[in-house]
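First comes the structure, then the notes that go with it.
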Amino acid sequence: MAQKPRSISATAPRLGKALKRSFFDRSVHEVAPDLIGATFLVGGAGGIITEVEAYHHTDPAAHSYRGPTPRNQVMFGPPGFSYVYRSYGIHWCVNFVCEEAGSASAVLIRAIEPTHGLAAMRRRRGLEDERALSSGPGKLCEALGITIAHSELPLDRAPIALHARTEAPEIITGVRIGITKAVDLPWRYGLKGSKFLSKRF
DNA sequence: CTATGGATGCGCT
DNA sequence: GCGCATCCATAGA
């Protein structure tokens, strides 16, 4: 009989108040660090956001940089919606659209600390290791069951739920991961000391 | 621990 | 055709 893995999360964190859609009607550079520590749930499974990256529409690494296309059109719409795309033909990645309608900026959600729906997350990932469940943009989408069907959805309506953090976290910044353009911009944000990051800062 | 390469869908040139 | 906002298994230090 396999030994049950020891849980890393010491306590079940309480949820903050629900984030309103207007939370995203600000600069992507304000929204991105404010998302660290928030709780992101899809269908009741998810956890605390530990790592994000900002993609501004003037940034060559942003999908919206070259203008609207069928894939990225939701980025050119109102803020507070999801943008899901396929990465490397295999993985899904989820973004939150920010700023005024048409500005086409978004925050890539890169990692979460699992706190809710652990059994479902483990089942979808085919993994027991809590640290590996959602410590990467593709991993967390698989763990939460996010696919293209979850794109262009409002972030304040089921099946998505967002709760504001209850305490101000210490935030670390760094350069973004896995991109080939604008590689030096320090637009990656992380929860200091978290064991649930995709890579060290 | 770090480094490397394969799998894979699809948007865009 | 080319090139990715990735993950994982494997090899080597």
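Note on naming: letters A, B, ... go to the chains in the order of the sequence lines (proteins, then strands), and numbering restarts at 1 for each one. Bear in mind that the values here come from a model prediction, so they are computed numbers and not experimental data.
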Under-4.0 Å side-chain N/O to phosphate OP1/OP2 contact, A:T69 with B:dG11: no

Touch class at under 4.0 angstrom, heavy-atom based, for A:R176 against every strand present: nothing

Salt-bridge contact A:E142-A:R125 (side-chain N to carboxylate O under 4.0 Å): yes

Ion pair A:R176/A:E53, N-O distance below 4.0 Å: no

Of A:A132 and A:I177, the one whose closest DNA chain C nucleotide lies more 5': A:I177

Greater than 12 external heavy atoms within 6.0 Å of A:E30's CD: yes

Donor-acceptor pair under 3.5 Å, A:Y88 side chain vs C:dA5 base: no

Distance, rounded to the nearest Å, where A:N72 contributes CG and C:dC4 contributes P: 17 Å

Joint hydrophobic cluster, A:L144 plus A:I36, side-chain heavy atoms closer than 4.5 Å: yes

Protein-nucleotide distance (A:H57, atom NE2; C:dA5, atom C1'), rounded to Å: 18 Å

Interatomic distance where CD belongs to A:Q73 and P belongs to B:dC10 [whole Å]: 16 Å

Distance below 4.0 Å between A:R125 side-chain N/O and C:dC8 OP1 or OP2: yes

A:R86 side chain, from C-beta outward: closest of C:dT6, B:dG9, B:dA7: B:dG9

Length of the CZ-P vector between A:R66 and B:dG11, whole Å: 16 Å

Residues A:D59 and A:K181 bridged, charged N to O under 4.0 Å: no

Base-pairing mate for B:dT4 - Watson-Crick or G-U, with both contacts under 3.5 Å: C:dA9

Proximity to the side chain of A:I90 - top-ranked nucleotide from B:dG11, C:dT6, B:dT8: B:dT8

Closest listed nucleotide, where the reference is the side chain of A:N95 and the choices are B:dG11, C:dC7, C:dA5: C:dA5

Gap between atoms CG and P, on A:L127 and C:dA9 respectively (whole Å): 8 Å

Nearest-angstrom distance from the residue atom CG of A:L140 to C1' of C:dA5: 12 Å

Value in whole Å for how far the P atom of C:dC7 lies from NZ of A:K139: 6 Å

Separation of atom OH in A:Y83 from atom P in C:dA5, rounded to whole Å: 10 Å

Sugar-phosphate, base or nothing in reach of A:T180, heavy atoms under 4.0 Å: sugar-phosphate

